[in-house]
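For reference, the structure is listed below as structure tokens.
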Amino acid sequence: MSSKNRKRTASSSSSAEEPDSEEESRLKDLRERDEFANRLKQRDEDRTRKVVEATGGRKAIEEATKRLKLEHEDRDKIVPHLRVQSRRQYLEKRKDDKVAELEADILDDEYLFNDDVLTERERQDRRYKKQLLNIAKEHEKARELERVQRYHMPQDLKKGERSEYVEVDEFEQQPNSEQKKWEAEQLASARFQFGAKDAKAEEEYELLLDDQIDFIQALTLDGSREKASKEPELTETERKRMTLDETRRSLPVYPFKDDLIAAVKEHQVLIIEGETGSGKTTQVPQYLVEAGFTKDKKMIGCTQPRRVAAMSVAARVAEEMGVKLGNEVGYSIRFEDCTSDRTILKYMTDGTLHREFLSEPDLGSYSVMIIDEAHERTLHTDILFGLVKDIARFRPELKLLISSATLDAEKFSAFFDDAPIFRIPGRRYPVDIFYTKAPEADYIDACCVSVLQIHATQPLGDILVFLTGQDEIETCQEVLQDRVKRLGSKIRELIVIPVYANLPSDMQAKIFEPTPPNARKVILATNIAETSLTIDNIIYVIDPGFAKQNNFNSRTGMESLMVVPISKASANQRAGRAGRTAPGKCFRLYTAWAYKHELEENTVPEICRINLGNAVLMLKALGINDLIHFDFLDPPPHETLVLALEQLYALGALNHHGELTKLGRRMAEFPVDPMMGKMLLASEKYKCSEEMVTIAAMLSVNSAIFYRPKDKIIHADTARKNFNHMHGDHLSLLQVYNQWAETDYSTQWCYENFIQYRSMKRARDVREQLVGLMQRVEIDMVSCLPETINVRKASTAGYFYHVARLSKGGNYKTIKHNQTVMIHPNSSLFEELPRWVLYHELVFTSKEYMRQVIEIESKWLLEVAPHYYKAKELEDSTNKKMPKGAGRAEMTQ
DNA sequence: GAGCACTGC
């Protein structure tokens, strides 16, 4: 490391040194880099051989089946518990209702009839009722007291018992929770009202009809199944009765089998355009196997944007081909490689293939590569396009299939030198599209009204509503449940179910439960339902036309999560969700004019919106030096690329010729941001690899570690404070992980400390992978605890770019851009305000916040990045501006 | 004193 620093210094202070030694050290580094790469390759080959000996992949399969089984068992354990919970909640609610009813009853009674006009029996009855009410109230009071006094922290729970706070969320979501009742009361009393109070009830019911939104039908999304009357639809049970072979033959691709094989044989690149449900993902690879594309021990690869898809499709195809998953048909995703030497058909995520390029840049073991769901334009598919196009030029025998839904096919074809397009009809029912006559001011409210409107006027069938986030979903759920309750038996039962990615999986599973007869399900979902989750039996879709999108500003290096209008492609995708099992309807909460004139044609592809540090490093590691002219389907903004290159240079991953250094080659092995990669490699020098790996893993599960249930915020916060480390959040995270590890990764411990088990489990997976990679880049695992200065120094070695200094008024200024930023209120340093801090990321929400912060000393910057910082600019006394030009360090070691 | 759409390696 120190030799590198010297070299960098030398290269930047130019004329002082002889050019020869600079050139020499560059060449030496390149030589070392290549030797390192060769060692990696050698090791990979050895490992593959070992897998073959160990009767290939069986372990992975066992692991996979074990995992599936475990999840299943988990659910079985949880479901009865959930039932008890919901019953309890129901009883609670009912009790509240009954008590309120009784109270109203007595009041009415007293108001209407004087005591003396009553008969003795009536008087007795009244007394009895009053007594009952008193008892109920006393009981409630006692319980209230008990609740306060006898509140026990979750650790008091006996072993095996589930902590209660998991479901509390649900309790709070109930329309009748105490807090909500109180709020509603306050609101009601604060409102100015005309007329008699009891007249209001009437109005409320009228509202359902009064408030209606006018929709006009504009067009119909064509379905390919309109002739459904001619060929009677197969029900699910009928389909099950069919043999696998019959099912395969009933798919829309089947008639095109021979044509398709012929087309693949004739052309090197083929674009396949087909709707979901055409069977292309499962069938096309099988056809190619039958056609003999895997004869010479080469594989057919098929990429998917999502892990679940890769796994489930592989399982399905294995079943159809009558082989065991992991043998001839396998899948490969992060943390799980379920393939063997016998595998000829391999499903994988696009990111996995992207990684595979590092060890096999020519895709030598594949005869066909299928890139599926290309229209989704994930970062990885977009980069794969460029790579794969390049390879196709010097491997003429490699076949490429790019498969996509409609619209984009022409663009793909143009990119791949006018490759022919093969069209396969899909299987979808028509969807009628409705627009509002006038724009809606409040789309949440409009959603609720529309749902009730559909519920009251349209035939049965489930509704899917697209909202932007958890917050909106919760509000909408409350409003709906409240209004439904008030409408009472005037309408049929309406079941409201939320879905978003952060929702615990057993709650998510509820969307798949069948709707009871004569009831209707409303699913309130985020974008998760646009692609990731397919829910059957949706007939109606409500689309307000918004989504949350992450954008990266390469000028400031800041990310921001904003609500933006969706694109036309996205709107059509959403509408399509209504026509999967029967003709459907889609209600768009914007005008037809807005659709036509205000929505973009397509969503801006991910590659143009995010930080490309890691992607650029990877491409460099693949030997692609001229990134500015890399063949992108949609080139990312120039500044993003420049920023990424600059950062890589500053980190020492590239030399001044823009070539990858040995350090850079090692960094590329890690599936993390380059700064984090550098941090991990720096741990070698600072002898704290154990700690850094943990911190990296914890930082990778983005801010989803601490759990804050609404009603136990105080407890959650005190629990969190126990982990706070005086020097900052990285160390707090380290403490969380290490304490968890000490309890043998206990679930119970997580509940007790208000920590999300799911995130911790993921951190553990990531950590395991990183440990493996550390060995791969030849770093031993050592610990420096209990001393932690080196942990912070190693962090600084990676993140010296992300440093801010305290200025007047308690604000911080970033060193690089002199931009005003603040410590995030969740940070353990929020009230400390150290002079120098290092941040993991900069996010814009309501303000510019630094998230995950540690305290550092300015002299460390000179130690870890002498090429980047001058001693002068780090002087604490002066307040003068930072000289801009970086890399002109004059420091001597 | 805040607030995390969704994937993936």
Side-chain angles (χ1 to χ4, degrees), chain A residues 303-310 332-337 348-359 373 376-384 466-475 499-503 525-533 546-551 559-564 566 570 573 603 605-607 609-610 613-615 617-618 621 668-674 676-677 696-697 700-708 710 713 716-717 720 756 759 762 765-766 769-770 772-773 810 822-827 830-831 841 843-851:
Chain A
T303 71
Q304 294 290 323
R306 276 169 295 280
R307 296 162 53 97
V308 195
S332 178
I333 57 182
R334 190 185 187 182
F335 311 132
E336 256 180 78
D337 186 2
M348 59 194 128
T349 44
D350 45 14
T352 311
L353 180 62
H354 197 175
R355 279 270 140 200
E356 270 187 20
F357 263 91
L358 271 182
S359 42
E373 314 282 351
E376 284 193 30
R377 305 291 308 273
T378 67
L379 168 70
H380 296 294
T381 18
D382 261 27
I383 292 173
L384 286 176
F466 284 99
L467 295 167
T468 67
Q470 184 178 346
D471 222 36
E472 274 181 22
I473 288 176
E474 280 167 2
T475 332
V499 186
Y500 43 88
N502 271 337
L503 196 74
T526 57
N527 251 4
I528 194 172
E530 199 177 295
T531 47
S532 311
L533 283 180
F546 291 98
K548 265 189 195 165
Q549 203 177 60
N550 195 1
N551 280 305
E559 288 182 352
S560 51
L561 198 62
M562 287 180 301
V563 174
V564 294
I566 58 168
S570 202
Q573 172 77 21
T603 313
E606 199 183 4
I607 198 170
R609 290 196 329 249
I610 61 163
N614 191 26
L617 179 62
M618 180 92 87
E669 281 301 307
F670 293 97
V672 297
D673 194 76
M676 191 179 275
S700 309
V701 276
N702 41 344
S703 49
I705 304 267
F706 299 100
Y707 180 65
R708 282 186 95 203
K710 272 182 199 159
I713 281 182
D717 285 356
R720 180 173 182 161
Q756 302 220 35
S759 306
R762 185 171 161 81
D765 280 342
V766 175
Q769 189 193 26
L770 291 180
L773 291 169
M822 292 174 74
I823 295 182
H824 196 278
N826 277 350
S827 168
F830 179 63
E831 283 161 340
E841 60 183 351
V843 281
F844 180 81
T845 48
S846 57
K847 288 184 183 117
E848 287 91 349
Y849 282 114
M850 300 182 277
R851 271 211 295 235

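For Ser332(A), the side-chain hydrogen bond (donor to acceptor under 3.5 Å, both in side chains) test picks out no residue, with sequence neighbours left out. Evaluation of the salt bridge (charged side-chain N to carboxylate O under 4.0 Å, His left out) rule for Arg306(A) yields Glu376(A) as partners, not counting sequence neighbours.
Residues Ser532(A) and His824(A) each lie close to DNA chain B; by heavy-atom proximity, the contact nearer the 5' end of the strand is made by His824(A).
Note on Phe670(A): nothing from the nucleic acid sits closer than 4.0 angstrom, heavy atoms only. At the heavy-atom level, Ala547(A) lies nowhere under 4.0 Å from the strands shown. When heavy atoms are screened at a 4.0 angstrom cut-off, Leu379(A) is found touching no nucleic acid atom at all. In this structure, Asn550(A) reaches the bases: a heavy-atom distance under 4.0 Å links it to at least one base atom across the strands shown. At a threshold of 4.0 angstrom between heavy atoms, the contacts of Leu561(A) include nucleobase atoms, whether or not backbone atoms are also involved. Nucleic acid contact class of Thr352(A) (heavy atoms, under 4.0 Å, all strands): sugar-phosphate only. Residue Arg306(A) is in sugar-phosphate contact alone, with no base atom involved, counting any heavy-atom pair closer than 4.0 Å across all strands shown.
Note on Thr378(A): every side-chain N or O is 4.0 Å or more away from OP1 and OP2 of dT7(B). Dashed line: the shortest gap from a side-chain N or O of Arg355(A) to OP1 or OP2 of dG8(B) is not under 4.0 Å. Contact check, Lys847(A) against dA2(B): a side-chain N or O comes under 4.0 Å of OP1 or OP2. Between Tyr500(A) and dA5(B), a side-chain N or O to OP1/OP2 separation shorter than 4.0 Å is absent. Taking side-chain N and O atoms only, Thr531(A) has no distance below 4.0 Å to OP1 or OP2 of dT7(B).
Residue Asn826(A) has its side chain nearest to dG1(B) when only dG1(B), dC6(B), dG8(B) are considered.
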From CA spacing to verdict: side chain to side chain contact (heavy atoms under 4.5 Å, CB included), Thr349(A), His380(A): CA-CA 9 Å; Thr349(A) 44; His380(A) 296 294; over 6 Å; no
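More than 12 heavy atoms of other residues, nucleotides or ligands shown are found within 6.0 angstrom of CG on Asp717(A).
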